[in-house]
Amino acid sequence: MPVGLLLVALATIEPLILHPFNPGGWFQYVYAAGAVLLLLCRLFTTHGATDLRLRRLYRMEGWSAIFFCAGTFFMFYPSGTMRDWLAFTLAGAAIQIFTSIMIPMRQRKLQNTKK
């Protein structure tokens, strides 16, 4: 999973910082590979959570991968602009950040209540 997120991050930074006026290039394929890898990991990972809130957080985490895949679509869409795929990337990143904070907090809370 971290590999997919790193590929998406690398492919997002490259056109923004290194080549802002050069549309197209290798970063599209790196982004697509990272998004697909992340989606596959999210689809085939089982968590076994019994708590309803924790299951919802894991489901939200899966939506971040779907947003990255939507961003991939707009990268390859002929009339798509940089703001299209960047908007989906930012939405996926916001969900990813939120769930990466809330899942461990919820797990700690559940462990403390079981003691």
Task: Nearest-0.5 Å distance that lies between atom CG in Asp84 and atom OG1 in Thr89 - done: 10.5 Å
Task: CZ (Arg55) with more than 12 external heavy atoms under 6.0 Å - done: yes
Task: Cluster overlap Leu43 with Leu54, hydrophobic side-chain contacts below 4.5 Å - done: no
TODO: Using the six-membered ring wherever Trp is involved, compare the ring planes of Trp85 and Tyr31 and label them parallel, tilted or perpendicular (cut-offs 30° and 60°).
DONE: perpendicular
Task: Heavy-atom pair of closest approach, residues Ala65 and Arg42 - done: CB-CG, 3.9 Å
Task: Plane angle bin for Phe67 and Trp63 - parallel if under 30°, tilted between 30 and 60°, otherwise perpendicular - done: tilted
Task: Side-chain heavy atoms of Arg108 within contact of Met105, under 4.5 Å - done: yes
Task: Leu86 side chain reached by Thr12 side chain, heavy atoms, under 4.5 Å - done: yes
Task: Inter-residue atom distance Ile95.CD1 - Ile66.CD1, 0.5 Å rounding - done: 9.5 Å
Open item on the list: Would the distance check show the side chain of Asn112 and the main-chain N or O of Lys109 forming a donor-acceptor pair, the cut-off being under 3.5 Å?
Closed with: no
Task: Nearest atoms (heavy-atom pairs only) where Ala35 meets Val8 - done: N-CG2, 3.7 Å
- [ ] Verify the neighbour count for atom OH of Tyr77: are there more than 12 heavy atoms of other residues, nucleotides or ligands below 6.0 Å?
- [x] no
TODO: Answer yes if Trp26 and Val36 sit in the same cluster of Ile, Leu, Val, Met, Phe, Trp and Tyr residues linked by side chain heavy atoms under 4.5 Å apart, and no otherwise.
DONE: no
Open item on the list: Would you say Val3 ends up clustered with Phe27 if hydrophobic residues are merged whenever their side chains have heavy atoms under 4.5 Å apart, either directly or through other cluster members?
Closed with: yes
- [ ] Answer yes or no: is there a donor N or O on one side and an acceptor on the other, between the side chain of Gln96 and the main chain of Ser64, under 3.5 Å?
- [x] no
Open item on the list: Ignoring hydrogens, what is the shortest heavy-atom contact between Leu7 and Gly34? Give both atom names and the distance.
Closed with: CB-CA, 3.7 Å
TODO: For Ala70, check side chain to side chain contact (heavy atoms under 4.5 Å, CB included) against everything at least two apart and list the hits.
DONE: Phe88
Task: Nearest-0.5 Å distance, CE of residue Met102 to CD of residue Glu61 - done: 13.0 Å
Task: Phe73 with Leu40, same ILVMFWY side-chain cluster at under 4.5 Å - done: no
TODO: Determine, using the 4.5 Å side-chain heavy-atom cutoff (strictly less than), whether Val30 and Leu38 are members of one ILVMFWY cluster.
DONE: yes
TODO: Taking all heavy atoms of Met75 and all of Gln28, pick out the closest pair and write down the distance.
DONE: O-NE2, 3.2 Å
Open item on the list: Within the 4.5 Å heavy-atom criterion, are Tyr58 and Thr45 side-chain neighbours or not?
Closed with: no
Task: Closest non-hydrogen atom pair, Leu57 against Phe98 - done: CD2-CE2, 4.0 Å
